[in-house]
Chemist: 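What follows is a structure written as structure tokens; I'll ask about it next.
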Amino acid sequence: MLNKNLEEQAATLFSENYFNRNYNVSKLEDIATIKYGKELPTKKLTPKGFPVFGGNGVIGKYIHFMYDEPQILVSCRGAASGNIIETYPNSFITNNSLVLEWNDYRYYEFYKQFLFANPLHTYATGSAQPQITIDNIKNVPFPCPKYDEIRELCSQLKSISALHFENIVESNKLSMLRDTLLPKLISGELDVSNLDI
């Protein structure tokens, strides 16, 4: 719930600062390198390690990661084609997503919000098995402001993103604690009957 509120704050902040501005326009391929993630069979997923992102979000863990920093992904296979996903730091990305490597990472938060507001579903082709290719989206028009025009906006969005990620980390810690303690409580291995609550 808290992260939902943060996402709404970021979207509102972006729309208030984006609309009614006459920014220059560029093609996506001019402001980012578009790459496929790497193939990773599910049998190679590991019990521990770094998060693995597929076309719909985290699908497991793996012993290696591809990017230090969070990345913006475009789901490129199946019904989710065109969805926009943000990874965590130190993540592996499968070939069910396209990675957008921004030429200037200072614009990251700006373009993330732009894509959340304008997902790329309409660029999918194929009815039986929808997909998005690099050629499908390389010419998508993107706003291209001067960085000084959006410096303050990017700073504010980055602060919101930091809180958002802190909440995810804390939630994951609590989930791990629950998953560790609950089986012990159920089996009787852990006795809490003497606790004074």
Side-chain angles (χ1 to χ4, degrees), residues 1-37 53-57 66-89 91 93 95-127 130-168:
M1 188 64 168
L2 185 57
N3 270 358
K4 185 68 176 172
N5 288 338
L6 289 172
E7 290 164 11
E8 289 171 358
Q9 285 179 39
T12 300
L13 184 62
F14 175 78
S15 80
E16 287 173 350
N17 285 272
Y18 170 70
F19 292 106
N20 301 320
R21 301 289 178 96
N22 291 318
Y23 294 134
N24 291 332
V25 175
S26 292
K27 294 183 292 187
L28 177 55
E29 68 175 352
D30 293 333
I31 58 174
T33 301
I34 312 166
K35 293 183 175 178
Y36 284 99
F53 279 79
N56 282 311
M66 292 166 55
Y67 294 95
D68 298 324
E69 299 286 345
Q71 301 296 320
I72 301 301
L73 311 182
V74 181
S75 299
C76 65
R77 289 188 175 86
S81 291
N83 284 355
I84 307 302
I85 300 169
E86 181 181 25
T87 70
Y88 307 146
S91 292
I93 298 157
N95 59 352
N96 286 324
S97 292
L98 294 169
V99 187
L100 305 180
E101 296 180 354
W102 306 107
N103 297 345
D104 189 338
Y105 201 77
R106 295 178 302 169
Y107 285 76
Y108 177 86
E109 294 293 338
F110 179 82
Y111 286 130
K112 177 176 79 173
Q113 291 303 322
F114 175 78
L115 281 164
F116 282 163
N118 302 280
L120 303 177
H121 303 120
T122 57
Y123 294 90
T125 55
S127 53
Q131 66 170 350
I132 285 183
T133 66
I134 292 173
D135 279 345
N136 289 146
I137 63 171
K138 68 181 183 180
N139 293 318
V140 172
F142 268 67
C144 196
K146 294 177 181 175
Y147 184 68
D148 284 347
E149 296 178 282
I150 59 166
R151 182 190 302 274
E152 182 59 29
L153 172 61
C154 288
S155 177
Q156 292 172 324
L157 291 172
K158 191 172 183 178
S159 296
I160 293 172
S161 285
L163 285 173
H164 189 275
F165 184 65
E166 283 175 19
N167 291 336
I168 290 171

Chemist: Of all residues at least two apart in sequence or in a different chain, which pass the salt bridge (charged side-chain N to carboxylate O under 4.0 Å, His left out) check with Asp68?
Modeler: none
Chemist: Indicate every side-chain donor-acceptor pair of residues 141-155 with a distance under 3.5 Å to a residue at least two apart or in another chain.
Modeler:
{"unit_1": "Asp148", "atom_1": "OD1", "unit_2": "Arg151", "atom_2": "NH2", "d": "2.5"}
{"unit_1": "Glu149", "atom_1": "OE1", "unit_2": "Lys146", "atom_2": "N", "d": "2.7"}

Chemist: Using side-chain heavy atoms (C-beta onward) and a distance below 4.5 Å, is Leu157 in contact with Tyr108?
Modeler: no
Chemist: Please tell me if the side chains of Val140 and Lys27 come closer than 4.5 Å, counting only heavy atoms from C-beta onward.
Modeler: no
Chemist: Tell me, with the steps shown, if Leu100 and Ile34 meet side-chain contact (heavy atoms from CB on, under 4.5 Å).
Modeler: CA-CA 5 Å; Leu100 305 180; Ile34 312 166; 4.0 Å; yes
Chemist: When rounded to the nearest 0.5 angstrom, what is the spacing between CG in Leu98 and CD1 in Ile93?
Modeler: 10.5 Å
Chemist: Got a sec, which pairs hit salt bridge (Lys or Arg N to Asp or Glu O under 4.0 Å) with one end in residues 130-144, sequence neighbours left out?
Modeler: Asp135-Lys138
Chemist: Enumerate the residue pairs fulfilling salt bridge (Lys or Arg N to Asp or Glu O under 4.0 Å) with a member in residues 101-125, sequence neighbours excluded, ordered by first and then second residue.
Modeler: Lys35-Glu101, Glu86-Lys112, Asp104-Arg106, Glu109-Lys112
Chemist: Side chain of Gln71, backbone of Glu69: donor and acceptor closer than 3.5 Å?
Modeler: yes
Chemist: What closest approach, in Å, do Ser81 and Ala124 show between heavy atoms, and which atom pair accounts for it?
Modeler: CB-CB, 4.0 Å
Chemist: Can you tell me how far apart CG (Leu73) and OG (Ser91) are? Round to the nearest 0.5 Å.
Modeler: 8.5 Å
Chemist: If I take atom CG from residue Leu115 and atom CG from residue Leu120, how far apart are they, to the nearest 0.5 angstrom?
Modeler: 5.5 Å
Chemist: Nearest 0.5 Å, please: how far is CD1 in Ile132 from OG1 in Thr122?
Modeler: 8.0 Å
Chemist: Which atom pair, heavy atoms only, marks the closest approach of Ser75 to Ser97?
Modeler: CA-OG, 4.2 Å
Chemist: Given side chains that start at C-beta, do those of Asn83 and Val74 come closer than 4.5 Å, heavy atoms only?
Modeler: no
Chemist: Drop me the distance from Asn3's CG to Leu163's CG, to the nearest 0.5 angstrom.
Modeler: 9.0 Å
Chemist: Any side-chain heavy atom of Tyr67 within less than 4.5 Å of one from Thr87?
Modeler: no
Chemist: Which atom pair, heavy atoms only, marks the closest approach of Ile72 to Trp102?
Modeler: CG1-NE1, 4.0 Å
Chemist: If every non-hydrogen atom of Glu29 is compared with every non-hydrogen atom of Asn139, which pair is closest and at what distance?
Modeler: OE2-OD1, 3.6 Å
Chemist: Would you list the atom pairs, donor with acceptor, under 3.5 Å between side chains in residues 7-19 and any protein atom, with sequence neighbours excluded?
Modeler:
{"unit_1": "Glu7", "atom_1": "OE2", "unit_2": "His164", "atom_2": "NE2", "d": "2.8"}
{"unit_1": "Thr12", "atom_1": "OG1", "unit_2": "Glu8", "atom_2": "O", "d": "2.9"}
{"unit_1": "Ser15", "atom_1": "OG", "unit_2": "Thr12", "atom_2": "O", "d": "3.2"}
{"unit_1": "Asn17", "atom_1": "ND2", "unit_2": "Leu13", "atom_2": "O", "d": "2.7"}

Chemist: Among residues at least two apart in sequence or on other chains, which ones pass side chain to side chain donor-acceptor pair (under 3.5 Å) with Asn24?
Modeler: none
Chemist: Angle class for the Tyr107/Tyr111 ring planes (parallel below 30°, perpendicular above 60°, tilted otherwise)?
Modeler: parallel
Chemist: Quick one: does Asn103's side chain have a donor or acceptor within less than 3.5 Å of a partner on Asp30's backbone?
Modeler: yes
